[in-house]
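This report refers to the structure that appears directly beneath it.
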Protein chains: 2
Amino acid sequence: MGYQPPVRDHRFVLRDVLAIEQYANLPGFAEASYDTVEQILDEAARFNAEVLAPLNPVGDKVGCAWSPDNTVATPPGFKDAYKALVEGGWPALGADPAWGGQGLPAVVNLAVSEMSSSANMAFSMYPGLTHGAYSAILAGGSDAQKALYLPRLASGQWSGTMNLTEPQCGTDLGLLRTKATPVGDGTYRITGQKIWISGGEHDLAENIVHLVLARIKGAPAGTRGISLFVVPKFIPGPDGALGARNAVVCAGLDEKMGIHGNATCVMAYDEATGWLVGEENRGLAIMFVMMNEARLGVGLQGLSQGEAAYQAAAAFARDRLQGRSLTGPKNPDGPADPILVHPDVRRMLLDARAILEGGRAFLLWTALCGDLARVHPDEGQRRRCEDYMGLMTPVLKGYLTDRGFAICSDAMQIHGGSGFTEHFPASQYLRDSRITMIYEGTNGIQALDLVGRKLAANGGRAVMTFFGEIDAFVAGHADETALKPFVEALSDTKAKLQDATMWLMQNGLSNPDNAAAASTDYLHLFGLTGLAYMWALMAKAAGGRIAEGDADPFYANKVHVGRHFLERILPGAGAHLARIKSGAATMMGFPNEAF
Amino acid sequence: MGYQPPVRDHRFVLRDVLAIEQYANLPGFAEASYDTVEQILDEAARFNAEVLAPLNPVGDKVGCAWSPDNTVATPPGFKDAYKALVEGGWPALGADPAWGGQGLPAVVNLAVSEMSSSANMAFSMYPGLTHGAYSAILAGGSDAQKALYLPRLASGQWSGTMNLTEPQCGTDLGLLRTKATPVGDGTYRITGQKIWISGGEHDLAENIVHLVLARIKGAPAGTRGISLFVVPKFIPGPDGALGARNAVVCAGLDEKMGIHGNATCVMAYDEATGWLVGEENRGLAIMFVMMNEARLGVGLQGLSQGEAAYQAAAAFARDRLQGRSLTGPKNPDGPADPILVHPDVRRMLLDARAILEGGRAFLLWTALCGDLARVHPDEGQRRRCEDYMGLMTPVLKGYLTDRGFAICSDAMQIHGGSGFTEHFPASQYLRDSRITMIYEGTNGIQALDLVGRKLAANGGRAVMTFFGEIDAFVAGHADETALKPFVEALSDTKAKLQDATMWLMQNGLSNPDNAAAASTDYLHLFGLTGLAYMWALMAKAAGGRIAEGDADPFYANKVHVGRHFLERILPGAGAHLARIKSGAATMMGFPNEAF
């Protein structure tokens, strides 16, 4: 049995924890009653388990193939699956109805995206990047650009890409060299080389819409001279009819450790025709709209690989007979017990569950903030939600991808020697998940974004609001015996995070190296605090169902995994605080030549 | 510049920390003065950097090729390198002079082995397994078997393998099915299938000597009915002349995530001729001699991959220009600063150094125990050293492979997107290192060996001796200001380990699940304590050199890395203790069907 989407858990978070029905009067939510949401989740589960999941190992083993005519063939089966994806209307789920989308809230769309990313991460990147291109044009495009591109990107009829990186310029976009020369007719000639372009060329869609960062001749140096262009593979007429082949080609594919099913392209622009998106020299601002959305999506990818790897490991642990339980045989009629009897195997599986279920709630809670930031009638709530989106995006990207990779490694460990062979799925999950810690801004960049930008924004308003929300929860639930361990642990972890935040304010402003030296530990301490809050919310919701007499063992199991989180994951918080407070002096004082 | 063997650090540990010259009157040490040792290290460094390291990426990319005639071709260049290895006498370095070896102490041999494993882990496994076969025959073979096999295995003229695993039987050797039928002439017919046999077939040596676990007809079930056989690929005459091809073939290679340069073989035995090694049904005891040696070697592999990956990452961080230092440009004339200026990059590099340098000392210290257990004139010292070898083997195997893999992951992270491509070495180190956590007993098995067997042996004598040794060091250095942070941290960490040990005694005996649930955290807490002790010893040795007026910056840098260890690595100890004390109840109480 392959990957099974965790629909039961999605339903629990959406209904019992976030109670999304309470927003039924708001735009987006109004169109999707909770019953409809459940139907969508079930259908998505079927599609992803039956169509995308079986192609995952094929994509890994066969990979993409580049030909000297600059075409790229995706792995066997991808083309049909993409056709089924588009016909099923899946790419349009979260897009604006004005552009042919179904306008589903992001919180629901995220649950569906988790499924496709678990089922086949390399495949899901094609529609994922397309949605990024959609968002960039939605944010910065002209009316004509919107009318031409958005419906076709929303449906998946055309696909999209993000073109930022060049050989000399990854994190530091100020070093960007790709040139844009105005022709005089409103178009530009784009020339340069871009690397690591996911989905830069393939055979899935009839057109590929490249969003390209380039520098207009005479623009200021550095990041203030970068503009955004739309460069379609085939130049469309205003009616969308495909015209001439544009002068942008895939010059080759990068050989990489994982996500072999996604074409990672070197793109050569040789006086390709492009159109400016938004204003001159303001391209980065639009790209960051796209990027923020993408970062949340990458956090989701980290979670999704952890989930799929967990499922494979749990199945292996149930099936593999080896050795006996330390407390006497549990499968006395068999040659040995399943390895699930061993505490250390259960430890790894429950560690995974504690992170995955907490992380899933944290992601969905944040995605709901994204929805409410747009549609909540109360301005204060919109501001709070907007603040949280900004604050949590680097936390979720960094924390969930670091932990997702660690879960994939534990999943391989549970497989023993089998896991290291390519006959079992553990290796692919481990290899595929590793990129999530790197792309869309390495996790080190996320940590810097958190301590250097997000904490400080608006005088620290976002983090103070978050602390206040936790304090209110703790105060409001101090007397509930069943919740006590969760509330106490939350209070304790939040106190550590607040302590660390104070330390950063006192030491990071005078010496930014102190903030940067603390940043990764701070991000992880933040992640732990977020998960502690989610586990308190989940324990409350599950406890509520149990108190109502709901006999579904799901709820007791949920609280059980929560206890494991308190016992086995949260103890890491103190170590993060100690590391944060150790400062930057030792690492900065080490002589460069001695590394 | 590729991998550069860390000879300076080896010299420091051997001379300044372990002061191996003090043993110059003992067998083995007597033959190798410290000057000779330095010459050997330098020569080994040259050989490994120049001959083996350049073949490492070739081995990864080309891999081994199986042909339908059951032969296996190693990657281009491996054959010549193996010839050079044998001609250089490297395999014989640590072997007994009685069998053609050079009789070098294990502590020196280990330093050389680290180099070959860093330079080319997949290649180094061929002589590594050969030495294992040598050790098994040395431990259990008859005089005739010794005379026939040992000189040829010691030199590397013939290579060796360990055949334990079968499809249904990995960790649980009691499930072993391979059959041995006595022929009546002193030989046996061996029939069965073995999997994951490293170096089971290849084109490097003229003969391959398989050490095979099998069950003699009528033997007791389980682990008490397993015997060890020697099954040569070509049946040799008493003079070593190669005779008939034996009925053992490589039926195929396993596709795996890493170590592509090493042939991982499915071996088919079809009435192959074998000779009993040692007594009937006592094969496991001899195999465990081999296994213990191999486990220390695998800990070394974990360290070795971390070291090579660290070097690649440090070189990348010096070269890659991207962004500016938070405290103002450090490379104002260049387009950007090298990423080495960023605290989070330095954190990862120094984390690696703190583990690698501490781990190297811990490994060499333990290997010296192995030497002294054999040759020390004092019986008490021999016993102490023997105890430590047993106690530290699972700690070093588990701790250094877990941390080695984590270092390889950080090294990839420092490379950014480049690291995920196969154009840089980071991916290979990450993939190759991952197997070390699995083979020769998964790290979970190491942890069980530690808490279930090694702690309890002789009434806990080994661990009590270790605690006593640390207490004596702490008491003896309480007044040395320069050492104070190291001594205090050591005392504190040892107190945590002792606390955990007490908890295990009180809770693990009554319920073994408590011990098993705690085992991995206990192993890591033990590893941290071992490293804390090594860092105290190293800080003392380096401080001594500085006090003597030695101006080599190596010594100040050593103390500097030690401070990083105290600030950034040791804080994890408290979390391990908290997890250990949380017990097994939650993880064992979770319903099996809910995983």
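All values reported here derive from a predicted model rather than from experimental measurement. Each chain gets a letter, A, B and so on, in the order its sequence line appears, and its residues count up from 1. In what follows, every heavy atom counts, from backbone to side chain, and hydrogens, waters and symmetry copies are set aside.
- Proximity of a side-chain donor or acceptor of A/Arg347 to a complementary backbone N or O of B/Ala517 within less than 3.5 Å is not detected.
- Atom CZ of B/Arg177 has 12 or fewer heavy atoms from other residues, nucleotides or ligands within 6.0 Å.
- Counting heavy-atom pairs closer than 4.5 Å to chain A, the top-ranked of the candidates B/Thr165, B/Ile435, B/Thr442 is B/Ile435.
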Next item on the list: Under the side chain to side chain donor-acceptor pair (under 3.5 Å) rule, what do A/Thr520 and B/Asp344 come out as? Steps first, then yes or no, please.
Entry: CA-CA 7 Å; A/Thr520 290; B/Asp344 199 55; 2.8 Å; yes

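- Only the side chain of A/Leu430 has a heavy atom closer than 4.5 Å to any heavy atom of chain B.
- Contact of A/Leu175 with chain B is made through the side chain alone, with heavy-atom distances under 4.5 Å.
- For chain B, the nearby parts of A/Phe595 are the backbone and the side chain; heavy atoms of each come within less than 4.5 Å.
- Listed for the A/His560 side chain is a donor-acceptor partner under 3.5 Å among the backbone atoms of B/Thr586.
- Only the side chain of A/Arg320 comes within contact range of chain B, with heavy atoms under 4.5 Å apart.
- Across A/Phe590 and B/Asn557, no two heavy atoms sit closer than the pair CE1-O, 3.6 Å.
- Counting only distance, with no hydrogens or angles, the side chain of B/Arg568 and the backbone of A/Arg579 share a donor-acceptor pair below 3.5 Å.
- Between the NE2 atom of B/His342 and the CE atom of A/Met587 there is a distance of 14.0 Å, given to the nearest 0.5 Å.
- Panel note: side chain A/Asp172, backbone B/Gln322; no donor-acceptor pair is recorded below 3.5 Å.
- Annotation: maximal heavy-atom pairing with chain A below 4.5 Å, among B/Ala594, B/Ser519, B/Ser409, B/Ser325, occurs at B/Ser409.
- Looking only at atom types and distance, the side chain of B/Gln413 has a donor-acceptor partner in the side chain of A/Arg434 under 3.5 Å away.
- Of the two parts of A/Phe554, neither the backbone nor the side chain holds a non-hydrogen atom closer than 4.5 Å to a non-hydrogen atom of chain B.
- Contacts of A/Ala575 with chain B are made by both backbone and side-chain atoms, with heavy-atom separations under 4.5 Å.
- Residue A/Gln428 does not touch chain B at all, counting heavy-atom pairs closer than 4.5 Å.
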### Query
Would B/Asp254 and A/His423 satisfy side chain to side chain donor-acceptor pair (under 3.5 Å), going step by step from the backbone distance to the final call?
CA-CA 9 Å; B/Asp254 263 307; A/His423 310 303; 2.8 Å; yes

